[in-house]
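Below, read A as the first sequence line, B as the second, and so on, with proteins coming before strands; counting in each chain starts at 1.
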There are 2 protein chains.
Amino acid sequence: MSEIFEAPLLNELQRDNTDPLAGPIVVRNAPEQIVERLVTAVALGVYVPGQALPPERELASLLGVSRATVREALRRMTDSGFIEQRRGRNGGSFVLEDWRPSSADLIRRHLMPNWARFEALFDARQLLEPVIAATAALRRNDGDVAALSQALDDYHAATDREESRVADERVHRAIAESTHNSVLVGLSAQIRTRISLDLGAEPYTPEIRRVAAVQHGLLADAVIDQDPERASAIALEHFGLTEKLVRDLVARVQELASLETDE
Amino acid sequence: MSEIFEAPLLNELQRDNTDPLAGPIVVRNAPEQIVERLVTAVALGVYVPGQALPPERELASLLGVSRATVREALRRMTDSGFIEQRRGRNGGSFVLEDWRPSSADLIRRHLMPNWARFEALFDARQLLEPVIAATAALRRNDGDVAALSQALDDYHAATDREESRVADERVHRAIAESTHNSVLVGLSAQIRTRISLDLGAEPYTPEIRRVAAVQHGLLADAVIDQDPERASAIALEHFGLTEKLVRDLVARVQELASLETDE
DNA sequence: GTATATGGTTCGGTCCATAGACCATAAAGA
DNA sequence: TCTTTATGGTCTATGGACCGAACCATATAC
């Protein structure tokens, strides 16, 4: 199952550039890349569980690739328990409701082995996002304000966790896009995708959601009010909260694991 | 010649993430990736003009790839006038002294068509590098200080432009590495590589070099003194200077171009 | 003048992706 | 109920990328 998470989204960003010749060349096959794109799309909420991906023939033409290749990608995703394929007229490739491993499982089998990478990722996010927020506050125009308000409304209107995740993504993307800088937008999206993929089963307790909702509102207000300092400060706090949540969660799971080892 | 600059180093960072399914899948062949790595290595000063790359057989084993593939990559680089291959016992693939197009040529044929991308890149750099500098100042340890001092000494000892470039790269890398965050190190290196590739023929007049040398010294001092505010401010100024230089240069070339059009 | 380290060439094999045709199935629509 | 249609499932033939290994050609070191 979890091999599907190994998508090397940030590899170029983290590859050791000290000696550009170190390390083997890996040719990323078409199917591999297609899996990555589809998984990313789901992680970003473009397709939600229960929904069908576009039909194979359409994917093939969208991605400029043969149907056989698309099928190979979908086969891997089926094998991983990520999607389910159904035949017939209203068939298709459906995102499964519960494709994410349980929190504990995910942490033990995926998060812990790559812990150093996540430390770096969280750390970088907490350093970079405040800059992005501040820049957004300085540069946002009326269109950005409209998009941000809309995203925020959707976020508040969200009822279940899945909707929350999608709306959350849209809020943060709206903020990044207010910087009007494609590098920053891409950077922020990559970090978000990576974290969303790794922590899909983030501990979204109602309590957390309440706090996050308030912070999102404050963050959006700061951007709309063109107050970079406030935006930066709130972003720092907001992403600090997420990080703390994950750390607590990991600590609990680690504790459980050590208990089990004792038995 | 310039097709070798098309290496999509930052593509993942700038690809439109709004719809992950938009755009064709491109399989980055082995030769293509090898060219990118080798060009990167030269851009970062790992190999300087006149120097030979490792022999084909060694490259093949280093990169985990067949010799035929390495040869294909080197053939492309030879075709682009980037390297020269010589046979015989002391033969090899030698980086040419003047593989960079002249400034004017480069700007007209490469920089101008992609101007929006460079705007974004410079802009992002000016936003991100101060954060990196400040973080470096907060986190640097004794080892970092030693590496930074050494790099700075080399920079001051550099005599020609080529040496300057290599030393400049090392100073900035030492600063990025002082953050002890692999994402930041990779990000900074990618931005630097991209800019170095695109602006290899940066206008390094003696005047500029003098100013840059002073700023490098100040920046290093701020990091060594653990003064994040100063580090951040100097970084902002330093990268602002580079940006201004490029803008001036482009403006001049544009003026020339419009004159030529009149004739 | 011989040995050696390098680039230059060739050949057969394997795997990947393409293109296109055709089959199977389930639902929609007449 | 029957036909149509939109989907996934299967097969085959073809071209290309990469590999592995051997061998050739050349220039320098010893």
Evaluation steps, salt bridge (Lys or Arg N to Asp or Glu O under 4.0 Å), between Arg86(A) and Glu84(A): CA-CA 7 Å; Arg86(A) 291 205 290 271; Glu84(A) 176 197 30; 3.0 Å; yes
For the pair made of [atom1] in [X] and [atom2] in [N], what is the distance, rounded to whole Å?
X        : N       : atom1 : atom2 : value
Arg28(B) : dA17(C) : CZ    : P     : 15 Å
Arg87(A) : dA26(C) : CZ    : P     : 7 Å
Ile25(B) : dC16(C) : CD1   : C1'   : 15 Å
Glu72(A) : dC16(C) : CD    : C1'   : 10 Å
Leu59(B) : dG8(C)  : CG    : C1'   : 16 Å
Arg89(B) : dG1(C)  : CZ    : P     : 19 Å

Side chain to side chain, Gln51(B) and Val48(B), heavy atoms closer than 4.5 Å: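 Contact flag for Gln51(B)/Val48(B) side chains = yes.
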Phosphate OP1/OP2 of dA5(C): any Asn90(B) side-chain N/O under 4.0 Å: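 For dA5(C), OP1/OP2 do not have a side-chain N/O of Asn90(B) under 4.0 Å.
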Span of DNA chain D in contact with chain A (heavy atoms, under 4.0 Å):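 Contact boundaries, 5' end first: dT5(D) to dT10(D).
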Most 5' of Gly88(A) and Thr69(A) on DNA chain C, judged by nearest nucleotide: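 The residue closer to the strand's 5' end, by nearest nucleotide, is Thr69(A).
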Pairwise 5' ranking along DNA chain C for Glu56(B) and Ala68(B), keeping only the more 5' one: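 On the 5' side of the pair lies Glu56(B).
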Donor + acceptor pair across side chains of [X], [Y] (<3.5 Å):
X         : Y         : value
Ser80(A)  : Arg76(A)  : no
Ser188(B) : Glu129(B) : yes
Asp123(A) : His180(B) : no
Gln150(B) : Asp154(B) : yes

Residue Arg67(A), side-chain atoms from C-beta onward, closest of dA28(C), dA21(C), dT18(C):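 The nucleotide sitting nearest to the side chain is dA21(C).
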DNA chain D: 5'-proximal contact among Val27(A) and Gln85(A) (nearest heavy atom):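 Result of the comparison: Gln85(A).
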Sugar-phosphate, base or nothing in reach of Arg57(A), heavy atoms under 4.0 Å: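 Here Arg57(A) touches the bases of the nucleic acid.
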Aromatic ring proximity His216(A)/His172(A), centre distance under 6.0 Å: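 Judged by ring-centre distance (under 6.0 Å), His216(A) and His172(A) do meet the cut-off.
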